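Here the structure is laid out as structure tokens; the discussion comes afterwards.
By convention in this document, chain letters (A, B, ...) are assigned in the order of the sequence lines, proteins followed by strands, and residues within each chain are numbered from 1. On a predicted model such as this, the values are computed, not experimentally measured, just so you know.
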Amino acid sequence: MRLSRSLIPTLKENPADAQIVSHRLMLRAGLVRQTSAGIYAWLPAGFRVLQKIAQIVREEQDAVGAQELLMPTIQPAELWRESGRYDSYGKEMLRIRDRHDRELLYGPTNEEMITDLFRQSVRSYRELPQIVYHIQWKFRDEVRPRFGVMRGREFLMKDAYSFDLDYAGALRSYRQMMLAYMRTFQRMGLKAIPMQAETGPIGGDLSHEFIILAPTGESQVFYDAAFEDIDYSASNFDHTQDADLARFAALMTTHYAATDEKHDPDVFASVPRERRREGRGIEVGHIFYFGTKYSKPMNFTIAMPDGKLIHPEMGSYGIGVSRLVGAIIEASHDDHGIIWPDVVAPFKAAILNLKPEDAACTELCEKCYAALGNEALYDDRLERPGVKFADADLMGHPWQIIVGPRAAAQGMVELKRRAGGERHELSLQSALEKLAAHA
RNA sequence: CGGGGCGUGGCGCAGCCUGGUCAGCGCGCGUGUUUUGGGUACACGAGGCCGCCGGUUCGAAUCCGGCCGCCCCGACCA
């Protein structure tokens, strides 16, 4: 994209409403704008990040065999009456009436709807197990939205639902999802720690939260450094092998991990001193096993080989996709702005044309832009160099290709790495090669 | 939902207590000159229903009432 033709409104000053660093930076870097309390418009650069995160989530869900579908945001109250949650969910649920005075709601989650979809079509044990997911906007009418996109009312969530014939199967699905989660966060360059969790309004008796480490996180976490060294790749854990899943689950549950509310200093003391870690964390995912909590009241039955009917065992699995944008910034920034991990950056590189009026300079930039295409943000604005440096640092592109008139005359550019800040002067060709090699 | 605070050009704010050339400042924006590798300088200029409604008053951004919106602390949550 050409910056001069982009809706990426950067701000020099801090908006008064933004309290935490990710919120400030998202506003200042022109990623989002608030339209109501806890509701945000995603501007082009922010939307690109959102899509990249969603894509990684999608690929890792697919990799463990989950199927993507898409359910509506608006749901009939009827379904929620069946499960009993229409009354129990409380004011967080946004209730709506249509012109016929029918009761609807803007979905905060989709257990009822997916159970309904399955019971309509799935009748035999031959058709299970299955895991489905979608990446959809949710609405929870939080009493007090805050922290920008981290605690909004409208948010993008990946939610998956598993259906199994028995507990053993449900546990397998649960572990597969857990594995997919660890891979997902690792790919984004995040250190994620799974923690035993309360089941809350989703219900159930097995649940984990996924906390990613960020110096400005909301809660204090204590964990065993062993988590940082685990290789979650397919070569180490085959998600189709129960033995691998069991080994994985053992790793996830035997090492110490707890938030401050559940922290037990005595148990933590049993972790070898050099592996004890303490930090701040942000919750970005939550998974639940809840058995027949929905299949039973909603009368979803499956015929078994002996002809008996059973209620499938279910689980649900959430990742806060829009929240991750904020969480990643909390985990990766400095005084100048965002430092995007390569895989989620809105643009891989920014091309800074320090002197657009200079023919050689502009020609070299255009060449560079043509080579990089859609993954480059070309700063072709008639601005002072200082403005461009500051904006590029603020927006956090992993690479900056700085093109000034003097070096451009020699066909040289300067390549700067945002993380670390190293700069090297080299030919455009070598700069492009270095970028390609890095990916 | 309890407690607190704030709504004044795109952003950040002053003015309000002590009603009357107070509608102002910085940034941003436009034009020109300047500068030309880290948010340059100067000049000129555009832009505001002072959140909304009502009241008090000769006169309201300023005082009073109601409403709406937003933010912070707490309880709750991906």
Side-chain angles (χ1 to χ4, degrees), chain A residues 7 9-20 23-24 27-28 30 33-39 53 57 89-93 107-110 135-160 181 185 197-202 207-212 218-219 261 281-288 316-327 335-337 352-358 361 379 381-394 400 402-408 412-414 416 421 423 425:
Chain A
L7 183 63
T10 58
L11 263 22
K12 197 188 266 190
E13 293 178 85
N14 279 321
D17 291 349
Q19 301 296 314
I20 62 165
H23 191 193
R24 279 203 299 271
L27 258 13
R28 286 194 50 209
R33 286 288 111 106
Q34 176 168 313
T35 62
S36 303
I39 302 180
I53 291 174
V57 170
Y89 211 92
K91 291 187 180 162
E92 280 200 346
M93 184 153 73
T109 176
N110 288 63
I135 297 173
Q136 175 66 293
W137 291 93
K138 303 287 187 293
F139 193 90
R140 289 182 195 169
D141 198 359
E142 296 282 344
V143 210
R144 193 189 151 208
R146 62 184 122 174
F147 307 144
V149 113
M150 299 254 289
R151 179 72 184 283
R153 292 194 293 173
E154 188 182 59
F155 55 96
L156 188 63
M157 180 164 118
K158 185 285 301 181
D159 40 324
Y181 274 39
F185 300 130
E198 306 292 350
T199 52
I202 310 283
S207 177
H208 282 89
E209 285 178 1
F210 295 81
I211 305 279
I212 66 159
E218 323 155 81
S219 49
E261 306 109 51
I282 300 167
E283 184 188 344
V284 292
H286 204 154
I287 63 179
F288 308 86
S316 70
Y317 314 87
I319 290 182
V321 175
S322 48
R323 166 178 277 203
L324 266 170
V325 180
D335 290 344
H336 299 289
L352 308 195
N353 187 342
L354 298 190
K355 190 164 187 179
E357 316 89 282
D358 183 281
C361 203
D379 192 345
R381 295 175 301 173
L382 250 37
E383 287 287 352
R384 294 261 321 163
V387 173
K388 301 189 177 188
F389 290 132
D391 272 348
D393 284 350
L394 174 62
Q400 295 171 19
I402 301 162
V403 185
R406 278 193 293 275
M412 302 292 276
V413 302
E414 189 173 25
K416 174 183 166 180
R423 305 144 161 266
E425 190 167 281

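A distance of about 36 Å separates the C1' atoms of B:G2 and B:G48, rounded to the whole Å. Spacing between B:C29 and B:G10 at atom P, rounded to whole Å, works out to 15 Å. Between B:C13 and B:C71, the two C1' atoms lie 16 Å apart (nearest whole Å). Taking atom C1' on both B:C53 and B:G7, the two are 16 Å apart, rounded to the nearest angstrom. Separation of the P atoms belonging to B:C6 and B:C49 is 24 Å when rounded to the nearest angstrom. Atom name P, nucleotides B:A43 and B:C25: the rounded distance is 13 Å, in whole Å. Nucleotides B:C63 and B:A14 have their P atoms positioned 15 Å apart, rounded to a whole Å. Comparing B:C76 with B:C1, their C1' atoms are spaced 11 Å from each other, to the whole Å.
Nucleotide B:C16 is matched to nothing when pairs are restricted to Watson-Crick or G-U wobble geometry with both distances under 3.5 angstrom. Across every strand in view, B:C70 sits in a pair with B:G5 that passes the Watson-Crick or G-U test at under 3.5 angstrom. Base pairing annotation: B:G65 forms a Watson-Crick or G-U wobble pair with B:C53, both donor-acceptor distances under 3.5 Å.
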(request) Let me see the working for A:N110 and A:M157 under side chain to side chain contact (heavy atoms under 4.5 Å, CB included), right down to the final yes or no. (result) CA-CA 11 Å; A:N110 288 63; A:M157 180 164 118; over 6 Å; no
(request) Please step through side chain to side chain contact (heavy atoms under 4.5 Å, CB included) for the pair A:I282 and A:E218, ending with a clear verdict. (result) CA-CA 6 Å; A:I282 300 167; A:E218 323 155 81; 3.8 Å; yes
(request) Check step by step if side chain to side chain contact (heavy atoms under 4.5 Å, CB included) holds for A:H208 and A:Y317. (result) CA-CA 10 Å; A:H208 282 89; A:Y317 314 87; over 6 Å; no
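Atom pair A:I20:CD1 and B:C72:C1' shows a separation of 13 Å (rounding to whole Å applied). Nucleotide B:C77 holds its P atom 14 Å from the CE atom of A:M157, rounded to whole Å. In this entry the distance linking NZ of A:K91 with C1' of B:C1 reads 7 Å, nearest Å. Following rounding to the nearest Å, A:D141 (CG) and B:A75 (P) show an atom-to-atom distance of 19 Å.
The 5' end of RNA chain B is approached more closely, in terms of each residue's nearest nucleotide, by A:P15 than by the other of A:P15 and A:E218. If A:M150 and A:H23 are placed on RNA chain B by their nearest nucleotide, the residue sitting closer to the 5' end is A:H23.
OP1 and OP2 of B:G12 both lie 4.0 Å or more from every side-chain N or O belonging to A:R24.
In this structure, A:H286 and A:F288 have parallel ring planes: the angle between them is below the 30° cut-off, well short of the 60° mark.
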(message) I'd like to compare against my own output: the B/S/- annotation of nucleotides 23-39 of chain B with a strict under-4.0 Å heavy-atom distance to protein.
(response) ---BSSS-----BSBBB
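Remark: A:R384 pairs with A:V387 by the side-chain contact (heavy atoms from CB on, under 4.5 Å) rule, at least two apart or across chains. Partners of A:E154 according to the salt bridge (Lys or Arg N to Asp or Glu O under 4.0 Å) rule, which considers only residues two or more places apart in sequence or in another chain, do not exist here. A search for side-chain contact (heavy atoms from CB on, under 4.5 Å) contacts involving A:R153 returns A:S36, A:A37, A:I39, A:F139, A:D141, A:E142, A:P145, not counting sequence neighbours. A search for side-chain contact (heavy atoms from CB on, under 4.5 Å) contacts involving A:D358 returns A:K355, A:A360, A:C361, A:P405, not counting sequence neighbours.
Using a 4.0 Å heavy-atom cutoff across all strands shown, A:V321 reaches no nucleic acid atom at all. Across all strands, A:G326 comes closer than 4.0 Å to no nucleic acid atom at all (heavy-atom distances).
Between A:K388 and A:E383 no salt bridge is recorded (no basic side-chain N to carboxylate O distance below 4.0 Å).
Side-chain contact check for A:Q34 versus A:P15: every heavy-atom pair is 4.5 Å or farther apart.
For a distance-only test at 3.5 Å, the side chain of A:R151 qualifies as a donor-acceptor partner of the base of B:C76.
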Every protein N/O within reach of nucleotides 66-70 of chain B N/O, cut-off under 3.5 Å:
| from | atom 1 | to | atom 2 | distance (Å) |
| --- | --- | --- | --- | --- |
| B:C70 | OP1 | A:A37 | N | 2.8 |
| B:C70 | O3' | A:Q34 | NE2 | 3.2 |
| B:C70 | O2' | A:D17 | OD2 | 3.4 |

